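Here the structure is laid out as structure tokens; the discussion comes afterwards.
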Amino acid sequence: MEQETVLVPEELVGVRLDKVLSELFSDLSRSYIQQLIKDQQVLINGKNEKANYKCRLNDQIDITIPEPEALDVVPEEMDLDIVHEDDYVIVVNKPSGMVVHPAPGSMSGTLVNGLMAQAKNLSGINGVLRPGIVHRIDKDTSGLLMVAKNDLAHESLVNQLVEKTVTRRYIALVHGVIPHDNGTIDAPIGRDPKDRKKMTVIEGGKHAVTHFKVLRRFKDFTLIECRLETGRTHQIRVHMKYIGYPLAGDPQYGPRKTIGGEHGQFLHAAILGFDHPKTGDYLEFSTPLPSYFEEALESLENLG
């Protein structure tokens, strides 16, 4: 089981306990949080409170998240964009807005649900809720993911990620005009102590390196290609904000006044390359930008 302790921040003073927890633990559904409160898995200053308890500044919330039960993930027929499939690996082009795998309280509509209807077998190393998942991209990030169909493939692909031999190139649209043609951001990333939902550059965080190059400049924006050397949560989004060029459309790390909206951040995993787990042959795949991304670039071009 997982145990977490958080303090109620100033901006959530006076807010219901269940709403506070849904803000601080964005990966848990509201209904699942309410069930945890009913099951007395949540303590406020060492005591059980109801879901409608109004939180006070610096209230200490201790939450216990039980190990997930062996839940059945139901296969769902979806029109997935499968770029490549063989007996060992699937490469899929995930659309923006789709969550990669189920989580307690949200068990349907994910990429895994669709893959289970598409493929007869997926590796079981990551457990019942994340079969085949080797790496993830954010819900609102589109693009290429590799999925393991058996444990041999899973171990091979994970090792390649650890050894930094996987090619991962992203296309991103950022606020501001970057004056230099390329650069490298080497800054550690960890959980933001002021906001648990966010990551930030922080001393003592995990080593994180992003390389970028400018593809196109607009009046107030820049289109860039990012190459990941490491794969930290929200890495590109955090690193680009850190150097003063946050992603356009990003609801967490971007400015309030931005473009887009319904599709979230303009970030697309465009190129993915790796050694085949069985043959050792290098495979590389690419996929074009989604239509809404292309339309946004065309609009910026027309503005001059």
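Keep in mind that this is a model prediction, so the values were computed, not measured.
- The backbone N or O of V201 sits nowhere less than 3.5 Å from a side-chain atom of H239 that would complete a donor-acceptor pair.
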Would you tabulate the side-chain donor-acceptor contacts of residues 179-187 under 3.5 Å, counting partners in other chains and residues two or more places apart, or write 'none'?
unit_1 : atom_1 : unit_2 : atom_2 : d
D181   : OD1    : R217   : NH2    : 2.9
T184   : OG1    : H211   : ND1    : 2.8

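- Listed by chain and residue number, nothing satisfies the side-chain contact (heavy atoms from CB on, under 4.5 Å) test with D87 (two or more places apart in sequence, or in another chain).
- The distance from the CZ atom of R168 to the CG atom of L145 is 10.5 Å, given to the nearest 0.5 Å.
- Chaining together hydrophobic side chains whose heavy atoms lie under 4.5 Å apart leaves L7 on its own.
- Remark: P95 pairs with M98 by the side-chain contact (heavy atoms from CB on, under 4.5 Å) rule, at least two apart or across chains.
- The ring pair (Phe, Tyr, Trp, His ring centres under 6.0 Å) search around H263 returns Y292, not counting sequence neighbours.
- In this structure, the side-chain contact (heavy atoms from CB on, under 4.5 Å) partners of T233, at least two apart in sequence or on a different chain, are M199.
- With sequence neighbours left out, the salt bridge (charged side-chain N to carboxylate O under 4.0 Å, His left out) criterion links R191 to no other residue.
- Partners of Y88 according to the ring pair (Phe, Tyr, Trp, His ring centres under 6.0 Å) rule, which considers only residues two or more places apart in sequence or in another chain, are H276.
- With respect to the salt-bridge test (charged N to carboxylate O, under 4.0 angstrom), the residues D18 and R16 qualify.
- Scanning for ring pair (Phe, Tyr, Trp, His ring centres under 6.0 Å) contacts around H84 gives F285, with sequence neighbours left out.
- Under a cut-off of 6.0 angstrom, the local environment of NZ in K197 is crowded, with over 12 non-hydrogen atoms contributed by other residues, nucleotides or ligands.
- Apart from L57 itself, the hydrophobic cluster it occupies contains V13, where clustering links Ile, Leu, Val, Met, Phe, Trp and Tyr at side-chain heavy-atom distances under 4.5 Å.
- Taking the side chain to side chain donor-acceptor pair (under 3.5 Å) definition, one finds that D275 meets it with nothing, sequence neighbours left out.
- Aromatic pair Y170/H268: ring centres not closer than 6.0 Å.
- Residues satisfying the side-chain contact (heavy atoms from CB on, under 4.5 Å) criterion with E76, sequence neighbours excluded, are M78, S108, N113.
- We find that D138 and R237 are joined by a salt bridge, their nearest charged nitrogen and carboxylate oxygen being less than 4.0 Å apart.
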